[in-house]
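Report on one structure; see the data block that follows.
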2 protein chains.
Amino acid sequence: MAKIKSTTNGSKKEVIARKAAALFRQKGFNASSMRELAVVLGVEAPSLYNHIGSKVELLQLICFKIADAFAENLKVIEQLDAPIETKLEKFIRFHIHIIQVEFDEVYVANHEWKFLHEPWLTEFLNRRKLYEEKLLQLIKEAAASNVLRNIHPLAASLTILSAVRGLEFWHRNKAGLSAKELEENMVDHLLKGLIK
Amino acid sequence: MAKIKSTTNGSKKEVIARKAAALFRQKGFNASSMRELAVVLGVEAPSLYNHIGSKVELLQLICFKIADAFAENLKVIEQLDAPIETKLEKFIRFHIHIIQVEFDEVYVANHEWKFLHEPWLTEFLNRRKLYEEKLLQLIKEAAASNVLRNIHPLAASLTILSAVRGLEFWHRNKAGLSAKELEENMVDHLLKGLIK
DNA sequence: TAAAAAAACTAATAAATGTTAGTTTTGTAA
DNA sequence: TTACAAAACTAACATTTATTAGTTTTTTTA
């Protein structure tokens with residue numbers, strides 16, 4: 001019974017990875033069994049191995065899909081011919097956007113990366129470190145061009161990264177606030193502050 | 001061989017829970033085995049059951065210790081006779097402080113709560129929801145007394161919660177920034193913004 | 001339609017895990 | 001020193017898990 005369909009949603013491996021992301025987010029990587037994943041896909045567990053190499057390979061696919069998306073976006077922003085404030089703004093907006101369209105994957109990449117095997121684990125951490133360093137660089141540029149208040153660049157980058165990273169848990173509060181509203185308000189808050 | 005010591009560090013159960021918090025943070029709750037925990041304590045795994053009821057009970061201890069600390073702090077802040085800005089400031093400072101002194105526990109409470117069993121799982125989520133609602137209330141008060149810029153209260157509370165929650169991952173960057181520096185800068189950034 | 005490839009199935013395995021039972025050792029109080 | 005309680009130990013278990021092997025069914029290709 002050929003049940004795993006590779007439609008416009010991508011290859012069969014990608015279909016499996018997407019379902020895996022949803023499962024891993026809800027239950028965690030370790031607590032998610034291949035049997036559970038198979039049920040979601042309407043198939044027996046060993047059948048999955050016709051399409052994937054291992055369970056941890058699914059985690060790799062998810063984590064590096066997100067890592068790639070982050071890296072590519074940052075690259076675009078860096079090459080932008082725009083004021084530094086605009087770059088920071090776009091950085092924040094990107095995070096708010098991706099958390100909406102790839103919630104499961106972003107959540108898994110942020111929470112379950114530690115179950116990657118080597119050499120993927122090291123590679124993932126290197127990429128994350130690079131990402132953080134590049135944001136810091138962006139903020140230092142802004143500080144150098146005198147557009148920022150007197151805030152330590154490293155502290156600012158940590159605050160921004162923390163804020164956008166914690167966004168995962170906004171998902172629960174969707175009801176009271178549209179994505180657009182959150183985006184505008186958060187950009188405003190992080191760039192211009194809360195108090196008059 | 002009576003090896004688990006209940007010194008000034010608390011009861012034996014508390015000593016075990018503290019080591020468990022460190023282990024759970026590093027490897028995740030599910031990936032941490034009782035045998036590993038036993039090694040850390042210099043004991044065989046079944047010996048642990050002279051002191052604790054189950055593995056998940058350790059998770060309960062950790063999660064609710066933190067939930068209690070959060071709730072108590074918020075209560076103190078609410079009862080404070082101070083301007084609303086001061087209350088928000090103290091709220092942020094508390095999070096930066098507790099992440100320093102109880103890093104493992106806060107991390108575990110934030111990441112591993114989903115492995116709690118009922119009725120603890122529901123209780124934990126209720127408490128977290130209440131906490132978020134109370135911060136929102138605080139911000140609405142501030143908005144009502146006209147001290148805030150024109151930011152949606154729910155968005156502001158999400159931004160602040162996200163920022164302080166994501167602080168876990170500042171721990172890695174300690175090198176470049178003292179706790180005090182981070183605290184002052186983050187409060188400043190979240191309350192007054194980044195851009196001049 | 002016949003052959004080949006893809007992908008499903010069943011059965012089985014080896015390893016790891018939380019936990020219990022039963023026993024021995026250690027520390028304490030009389 | 002003797003008796004009791006606390007807490008360690010060894011051995012074992014039932015379960016769950018990812019994965020492999022081998023086989024049958026389905027789909028594609030020629």
Side-chain angles (χ1 to χ4, degrees), chain A residues 1-21 23-24 26-63 108 112 114-118 120-121, chain B residues 1-21 23-24 26-63 108 112 114-118 120-121:
Chain A
M1 307 174 199
K3 289 220 186 121
I4 300 177
K5 288 173 203 150
S6 57
T7 58
T8 47
N9 296 325
S11 73
K12 294 176 192 182
K13 197 182 252 192
E14 283 165 347
V15 171
I16 297 174
R18 197 163 20 252
K19 292 291 188 187
L23 188 64
F24 293 171
Q26 288 168 48
K27 313 200 54 172
F29 176 74
N30 268 285
S32 301
S33 76
M34 295 303 281
R35 286 164 176 84
E36 281 175 296
L37 179 57
V39 167
V40 173
L41 288 156
V43 117
E44 293 296 321
S47 302
L48 296 171
Y49 290 83
N50 285 319
H51 307 287
I52 63 164
S54 67
K55 183 185 178 185
V56 81
E57 189 203 16
L58 289 172
L59 186 61
Q60 277 165 36
L61 282 168
I62 296 163
C63 290
V108 168
E112 312 292 322
K114 65 174 70 162
F115 302 113
L116 288 170
H117 294 178
E118 294 294 357
W120 304 102
L121 179 58
Chain B
M1 307 174 199
K3 289 219 185 123
I4 300 178
K5 288 175 205 150
S6 55
T7 58
T8 47
N9 295 325
S11 74
K12 293 176 190 181
K13 197 182 249 191
E14 283 164 347
V15 171
I16 296 174
R18 198 165 16 254
K19 292 291 189 185
L23 187 64
F24 293 170
Q26 287 168 48
K27 312 199 56 172
F29 176 73
N30 268 288
S32 300
S33 75
M34 295 304 280
R35 286 166 176 83
E36 279 175 296
L37 178 57
V39 167
V40 173
L41 288 156
V43 117
E44 292 296 320
S47 303
L48 296 171
Y49 289 83
N50 285 319
H51 307 286
I52 63 164
S54 66
K55 183 185 177 185
V56 81
E57 190 203 17
L58 289 172
L59 186 61
Q60 277 166 35
L61 282 169
I62 296 163
C63 289
V108 168
E112 311 292 322
K114 64 174 72 163
F115 302 113
L116 288 171
H117 293 178
E118 294 294 357
W120 303 101
L121 179 57

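Chain A is the first sequence line, chain B the second, and so forth, proteins listed ahead of strands; every chain is numbered from 1.
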Given the rule in the side chain to side chain contact (heavy atoms under 4.5 Å, CB included) test, do Ile16(B) and Leu61(B) qualify, once you have shown the distances and angles that lead to the verdict? CA-CA 10 Å; Ile16(B) 296 174; Leu61(B) 282 169; over 6 Å; no
May I have the distance from Glu44(A) (atom CD) to dT26(D) (atom P), rounded to whole angstrom? 15 Å
Whole angstrom value for the distance that separates P of dT16(D) from CZ of Phe115(B): 17 Å
Can you tell me if His51(A) touches the phosphate of dA6(C), counting only side-chain N or O atoms and a distance under 4.0 Å to OP1 or OP2? no
Are OP1 or OP2 of dA7(D) and a side-chain N or O of Ser47(B) less than 4.0 angstrom apart? no
Expressed as a whole number of angstroms, how long is the span from Leu58(B):CG to dT17(C):C1'? 15 Å
NZ or CZ of Lys27(B) within 45° of Phe115(A) ring axis and under 6.0 Å: no
Rounded interatomic separation in angstrom, taking CD1 from Ile52(A) and P from dT20(D): 10 Å
All salt bridge (charged side-chain N to carboxylate O under 4.0 Å, His left out) counterparts of Lys114(B), not counting sequence neighbours: none
Is there a donor and acceptor pair, one atom on the side chain of Asn50(A) and one on the base of dA6(C), closer than 3.5 Å? no
Nearest to the side chain of Lys12(A) - dT20(C), dA7(D), dA7(C)? dA7(C)
Salt-bridge present (Lys13(A), Glu57(A); N to O < 4.0 Å): yes
One pair to check against side chain to side chain contact (heavy atoms under 4.5 Å, CB included): Leu116(B) and Cys63(B). What are the steps and the verdict? CA-CA 9 Å; Leu116(B) 288 171; Cys63(B) 289; 4.3 Å; yes
OH of Tyr49(A) versus C1' of dA21(D): gap in Å, rounded? 14 Å
Under 4.0 Å between a side-chain N or O of Lys55(B) and OP1 or OP2 of dT17(C)? no
Within 45° cone of Tyr49(A) ring axis and under 6.0 Å: Lys55(A) NZ or CZ: no
Keeping Gln26(A) on the side-chain end and Leu23(A) on the backbone end, is there a donor-acceptor pair under 3.5 Å? no
For Ile16(A) and dA7(C), what is the distance between atoms CD1 and C1' respectively, to the nearest whole Å? 11 Å
Relative orientation of the end axes in the helix from dT1(C)-dA30(D) to dA30(C)-dT1(D), expressed as an angle to the nearest 10° (five pairs per end): 20°
I need the CG-C1' distance between Leu48(A) and dT20(D), as an integer number of Å. 14 Å
Which of residues 28-37 of chain A have a heavy atom under 4.0 Å from DNA chain D? Ser32(A), Ser33(A), Met34(A), Arg35(A)
